[in-house]
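Notes for the one structure printed next.
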Amino acid sequence: MTSDIQVALIDRISHSDRPGAIQLIDLWLAEHDYEKLLIDVLGPVLTSIGDMWQGEDFSLAHAYVAAKIVEDALEKYESLSPHAEPMSSTRGPVVLGNIEDDCHPLGRRMVTTFLRAQGWEVADLGIDVLPESFVDKAEEIGAKVIGVSAMIYSTAENIIHVREAIDRRGLGNSIRLAVGGAVFRLRPELVKEVGGDGTVSDALDAHQLFCRLWQDAGQDDE
Ligand code: B12
């Protein structure tokens, strides 16, 4: 269901009106909280833009403007979140990043925000991360879960190399691989194909997935 704020934001995006979009969000946030903004507004708006882009109602440039507006919002409001100063980390550490060649950071940033809010220590490696770098970092900090984000099919395929690096180093039992991003929503069977141990389609559910995978890690040794 498309809400009034979603319709109004899409209108601002279609006019490339970045200040107008932020003004709209300012007003909306006076009555709603930051987490609701991420889950009920910004995520669905980007998905709608993607659908309109695919249907050729919107261009690549529109998608770019939409991403810039969401980045503006994340920069501006992250500090207003009740979780801006996360409680001292009580869970983890875990590693997160976008796979090699993938330059869609927004979903990953949302996952990081929600995990930190639940007390996870997250090493966020950013976009375009080499498969070996995920595993290097996990070994360095003792992470039992690696989370990899990919938005498009061709980049999701690169996740297989993270799985291979984990297995090659004999870490298959001690590290679990979480995967996520738009392409996994469209093609759930891809999770197994790339060697993933689990996924969720919403950042809000990432905490539960990471808890399960953290508990699973090492169980096969016993
Ligand atoms: C914005 C956008 C762009 C921007 C990105 C800039 C930026 N700073 O973000 C720009 C315009 C640059 C761009 C470029 C491209 N894009 Co683009 N893009 C999008 C769009 C509209 C939104 C992506 C997004 O941010 N989604 C919003 C977030 C909140 O959703 P999400 O990422 O799915 O994340 C949620 C969950 O999946 C989950 N999650 C995410 N990561 C993880 C990780 C883990 C471990 C877990 C557990 C969960 C999890 O939690 C998140 C929050 O709830 C999507 C449309 C769509 N449906 O998503 C297309 C889309 C992903 N892009 C697409 C394409 C094709 C491209 C290009 C190849 C286009 C081109 N011809 O150049 C390039 C590739 C660039 C690259 N190498 O990565 C296609 C992919 C199609 C496919 N089947 O593979 C899509 C689906 C559009 C479409 N419908 O055709 N894109």
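Every number for a ligand or one of its atoms is a count from 1 in the order of the listing. Throughout, residue positions are numbered sequentially from 1 according to the sequence presented.
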Top protein contact for [atom], by heavy-atom distance:
atom                    : value
atom 57 (N) of ligand 1 : Thr47 CA, 4.0 Å
atom 53 (O) of ligand 1 : Ala203 N, 2.9 Å
atom 70 (C) of ligand 1 : Leu60 CD1, 4.4 Å
atom 36 (C) of ligand 1 : Ser201 O, 3.4 Å
atom 32 (O) of ligand 1 : Met151 SD, 2.8 Å
atom 65 (C) of ligand 1 : Ile152 CG2, 4.1 Å
atom 15 (C) of ligand 1 : His104 NE2, 3.5 Å
atom 29 (C) of ligand 1 : Met110 SD, 3.7 Å

Consider ligand 1: state whether an atom of it lies below 4.0 angstrom from any non-hydrogen atom of [X].
X      : value
Gly181 : yes
Val183 : no
Ala206 : no

Exercise. Among Leu177, Ile166, Leu130, Asp167, which residue meets the side chain to side chain contact (heavy atoms under 4.5 Å, CB included) test with Val135?
Worked result: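 When side chain to side chain contact (heavy atoms under 4.5 Å, CB included) is applied between Val135 and each of Leu177, Ile166, Leu130, Asp167, only Ile166 qualifies.
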Problem set entry | With Glu132, the side chain to side chain contact (heavy atoms under 4.5 Å, CB included) member among Lys137, Glu164, His161, Arg168 | Arg168
Show the atoms of ligand 1 that are less than 4.0 angstrom away from any heavy atom in [X].
X      : value
Val148 : 43 (C), 45 (C)
Val200 : 47 (C), 48 (C)
Val111 : 39 (N), 42 (C), 48 (C), 49 (C), 50 (O)
Pro105 : 7 (C), 8 (N), 9 (O)
Ala178 : 45 (C)
Asp102 : 78 (O)
Leu106 : 9 (O), 25 (O)
Asp101 : 76 (C), 77 (N), 78 (O)

Looking only at non-hydrogen atoms, which of [options] approaches [atom] most closely?
atom                    : options                     : value
atom 44 (C) of ligand 1 : Gly196, Gly180, Ala66       : Gly180
atom 47 (C) of ligand 1 : Leu46, Leu177, Val179       : Val179
atom 55 (C) of ligand 1 : Ala67, Gly147, Gly50        : Gly50
atom 66 (C) of ligand 1 : Trp53, Tyr153, Phe58, Tyr64 : Trp53
atom 83 (N) of ligand 1 : Ile146, Leu186, Asp128      : Leu186

For residues [X] and [Y], report the shortest heavy-atom separation together with the two atoms involved.
X      : Y      : answer
Asn158 : Pro131 : O-CG, 4.1 Å
Ala156 : Ala150 : CA-CB, 3.7 Å
Ile39  : Pro44  : O-CD, 3.1 Å

Between [Y] and [X], is there a side-chain heavy-atom distance shorter than 4.5 Å?
X      : Y      : result
Trp120 : Trp214 : yes
Leu96  : Arg108 : yes
Tyr34  : Thr113 : yes
Asp205 : Leu209 : no
Arg169 : Asp136 : yes
His207 : Arg91  : yes
Ser149 : Asp102 : no
Phe184 : Val200 : no

For this session: Supply the atom-to-atom distance Ile99 CD1 to Phe134 CZ, rounded to the nearest 0.5 angstrom.
Result: 4.5 Å
Specify whether the nearest protein heavy atom to [atom] is under 4.0 angstrom away.
atom                    : answer
atom 13 (C) of ligand 1 : yes
atom 86 (C) of ligand 1 : no
atom 10 (C) of ligand 1 : no
atom 18 (N) of ligand 1 : yes
atom 72 (O) of ligand 1 : no

Test your reading of the structure: does [X] have an N or O sitting under 3.5 Å from an N or O of ligand 1?
X      : value
Arg185 : yes
Cys103 : yes
Ser149 : yes
Ala63  : no

For this session: Take Thr155 and Asp101, measure what side chain to side chain donor-acceptor pair (under 3.5 Å) needs, and give me the verdict at the end.
Result: CA-CA 6 Å; Thr155 60; Asp101 292 336; over 6 Å; no
Identify whether the distance between the nearest side-chain nitrogen and carboxylate oxygen of [X] and [Y] falls below 4.0 Å.
X      : Y      : result
Lys68  : Asp72  : no
Lys76  : Asp26  : yes
Asp197 : Arg163 : yes

Exercise. Under a 4.0 Å heavy-atom limit, does Lys68 contact ligand 1 with its side chain, its backbone, both, or neither?
Worked result: neither
Exercise. Under 3.5 Å, side chain of His62 to main-chain N/O of Phe58, donor-acceptor pair present?
Worked result: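 No: the side chain of His62 does not pair with the backbone of Phe58.
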